[in-house]
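Before any comments, here is the structure.
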Amino acid sequence: MQEKYTPKDIEQAAQAHWQSTQSFRAVEDPTKPKYYCLSMFPYPSGKLHMGHVRNYTIGDVLTRHYKMRGYNVLQPMGWDAFGLPAENAAIQNKVPPAQWTYDNIAYMKQQLQSLGFAIDWQRELATCRPEYYRWNQWLFLRMLEKGIAYKKTQVVNWDPVDQTVLANEQVIDGRGWRTGAIVEKREIPGYYLGITQYADQLLSALDALPGWPERVKTMQANWIGKSYGVRFAFPYELDGKRDLLWVFTTRADTIMGVTFCAVAAEHPLATRAARDNAKLAAFVEECKRGSVMEADMATMEKKGMPTGIFVEHPLTGAKVEVWVGNYVLMGYGEGAVMAVPAHDERDFAFAKKYSLAIKQVIDVPGKAYSLDAWQEWYADKQNGVCVNSGRYDDLDYQQAVAAIAADLKAKALGDMQVQFRLRDWGISRQRYWGCPIPLIHCESCGTVPVPDAQLPVVLPEDCVPDGSGNPLLKRPDFLNCTCPQCGKPARRETDTMDTFVDSSWYYARYCSNDAQAMLDGRAAYWMPVDQYIGGIEHAILHLLYSRFWTKVMRDLGLLETDEPFANLLTQGMVLNHIFSRRTDKGGIEYFAPEEVDLVRDDAGHVTGATLKADGSAVDYGGIGTMSKSKRNGVDPQALIEQYGADTARFFMMFASPPEQTLEWSDSGVEGAYRFLKRLWAFGATLKAANTGAAPSPLRREIHLLLKQANYDLGKFQFNTVASAAMKMLNALEKAPADPHAREGFSILLRLLSPITPHVCHELWRALDYGADILAAPWPEPLEEALVQDEIELVLQVNGKTRGSVRVPAGADKAAIETAAVASEAARKFMEGKPAKKVVVVPGRLINIVV
RNA sequence: GCCGGGAUGGCGGAAUCGGUAGACGCAGCGGACUCAAAAUCCGCCGCCGCAAGGUGUGAGGGUUCGAGUCCCUCUCCCGGCACCA
């Protein structure tokens, strides 16, 4: 074998071998245990970035590891190909989103292939292909039949200048990204999926997912947000009609402290009151400006205005004024809330601001209530009892809620109710590059589903969006159709589906990507996914929607599994610096890190940057996830070309544990490359050397490292597996003539092969260990190699490390104590005082307390 | 604002159950080889100190023979907040 490590040749040869032997083709085989290893598919944004390399290397390490452990492994790959960036690119370059997307897929596929991932490419899919998305449409129609899909109004960001709906991302400080116009909230009709019908299942099934990280389960549980409360009504009379204002509260025990109610700007009462109150009408209009994002709603200044309309307190009959509040959302619950300023922080602030009454109705013994400032205990459910609440005085939270709910029920004005924070999933998008919603609008028949036989409704691929609304509206060939019911001319729905629909079931489609049905029997073999790997940013939405979709598919008899992903590994984000500048229209323009020079303060912290092109200043936006839109992704191509795929993979795994956030830096790549060069060189040395030296501690060292590495592998801690491999090589280089050097190197190659498969593949053959390292058994440490007769214990005096003591491996506590106290280090630091206490931790340390 | 995470040398990180803090690397420094450089190899490397020793895991407090690890309070950073994916 040649002396020099030449990654390019080695990697091409290994990849050619895998290709010709179809090494990663996965075929259903009921006689073998299956392992379905899936990494979240990428959005084809143009180029891979380091976050992808991290994600897919983790998946590949597991895939290759399980393969060597004898599992029938499936690792597929595909493309989350619909979405907004393709439309943005079209606006910029006047290229159809379809063409841009397919070009990107071709380039990124070649990048993935050059990284040597063990992917079964025959199962590749792209969600923008009709043969995929026809099943989105098909399942949507089934949901429509079952009442899971339905139509209602939705609130969207409306750009009044471009006359178009904006994504949240396109709203910057309340203004449209291209026009700079103040964005308005607008209500339009849309389709929803009734995920709340599955809320209880989605919540309780979390307990049946031991392979999921606790933090993700906690986030999902909080998102679903099951709460027990009371839904009740304030009666009122308006325009000669009796009516009810409904609200929901988890704090019915504070109902006697209600001093006003607040409704959303879109609430019928607000609309009615604004009719003959110009100031209020203006305020309602003001509330309708700004974005619909929850983060904006939660941080904006809370404002309100009285309507002059009064409702009756359902228990006391007292008059309660209705206010319009900009923080009350029509889409949540009833669009109205009761306000108890004494015991709700937001209501407290609001009441102080507008000098509204604050009535204390909860008391915690030993605490003094004061109107001066909000105190945490005002909202305490655990320790409070009712006061100033008439017949409910002295009741605790649970007793008070029960009594009040019973009284409301007796008056037919309310009852206990379980409520979820989770809202139904609005899937309509007023955008072109997505899956068409399969509906037809007929003047005489109304909205009619497209018959199954006419699926898929194919999206024309030659449109070029220009930013002013959905280009499908200008396509008569798409728009015009005949009503399936009456045969008259009709109009096709132009809204497309949220791209989360596409990614909610792709994992199942991989099992049978050529099936003539949505899924076939092969899904029963492979599902559920045994290991799912993806970014922590998907902890809630994507994973929740996928779980929901799986349950719907199960209920339709398409799948047997209740949950799509048995085990989940949430990879930390790969971060990089963000540089931007405001455009004159109020939008944001981003700059890639290589386009700027950094400005640092004395402590070395980045404070700003200047553009290399013209020296002008740009804003420093801190660090954040690598993404196409922020232009801060780092393309692995240069790394691969300079050092090879193995170095890129090794470096990425060595840099940090997978779940941890990683701030990008390429310092250390050299070290990874150096290691692989040494690995290669040692292979050459070993092939030439004769192994005649006397046995050294090498064998024990290797097996000890292997034991640790296998343990770490089980914890997905690949950085220490890589480090164990480095330590093995360090040990081997010191003893190349040891009789166990060949055994040790074979362990090292197998341990390392999932991380750096190419170089290990080549070395395995070159040293005649076998024909294909993929077929080699995974190495296990041998107990006989691990035994030792003497062990070293740490010696502490008063908790401070003072030295060590060597004792026979089988020594008992008393013998260890005697040896410790007698040791020179102990005598020195005990300063002649007697030992008050001696703590012996077996196999680890002795602590002498004097 | 709310929910979930994180913080350890100049840098990335290690420390499995509360038991030697800094493994393994990067950078740096010194040396060998070389006409020279690169590559490679050997050694040093938290901070203070000549040393003995002291001190040190974001900040402050606590529990313990012993705390990076457990408890309380706080700061900063990252992810998510339903139309980025």
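Order of the sequence lines fixes the chain letters, A, B, ..., with proteins taken first and strands second; residue numbering starts at 1 for each chain.
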Once you apply a heavy-atom cut-off of 4.0 Å, does [X] come out as touching a base, just sugar-phosphate, or nothing?
X: Y5(A); result: nothing
X: T625(A); result: sugar-phosphate
X: L422(A); result: base
X: V838(A); result: nothing
X: L84(A); result: sugar-phosphate
X: V165(A); result: base

Residues R178(A) and D162(A) bridged, charged N to O under 4.0 Å: yes

Between E701(A) and K734(A), is the closest basic N to carboxylate O distance under 4.0 Å? no

Provide the full list of salt bridge (charged side-chain N to carboxylate O under 4.0 Å, His left out) pairs with a residue in residues 662-677 of chain A, sequence neighbours left out, each pair given once. none

I'd like a table of atom pairs between the protein and nucleotides 40-46 of chain B - only N or O on both sides, under 3.5 Å - with the distance next to each one.
unit_1: U40(B); atom_1: OP1; unit_2: K677(A); atom_2: NZ; d: 3.4

Anti or syn - C17(B), cut at 90° from 0: syn

Determine whether a donor-acceptor pair (one donor, one acceptor, N or O, separation below 3.5 Å) exists between the side chain of N222(A) and the base of C3(B). no

For C70(B), give its Watson-Crick or G-U wobble partner with both distances under 3.5 Å, or none. G62(B)

Which sits closer to the 5' end of RNA chain B, M726(A) or S627(A), going by the nucleotide each is nearest to? M726(A)

Contact list (N/O, under 3.5 angstrom) for nucleotides 14-17 of chain B vs protein:
unit_1: A14(B); atom_1: OP1; unit_2: N719(A); atom_2: ND2; d: 2.9
unit_1: A15(B); atom_1: OP1; unit_2: Q717(A); atom_2: NE2; d: 2.9
unit_1: U16(B); atom_1: O2; unit_2: Y711(A); atom_2: OH; d: 2.9
unit_1: U16(B); atom_1: O4; unit_2: Q708(A); atom_2: OE1; d: 2.1

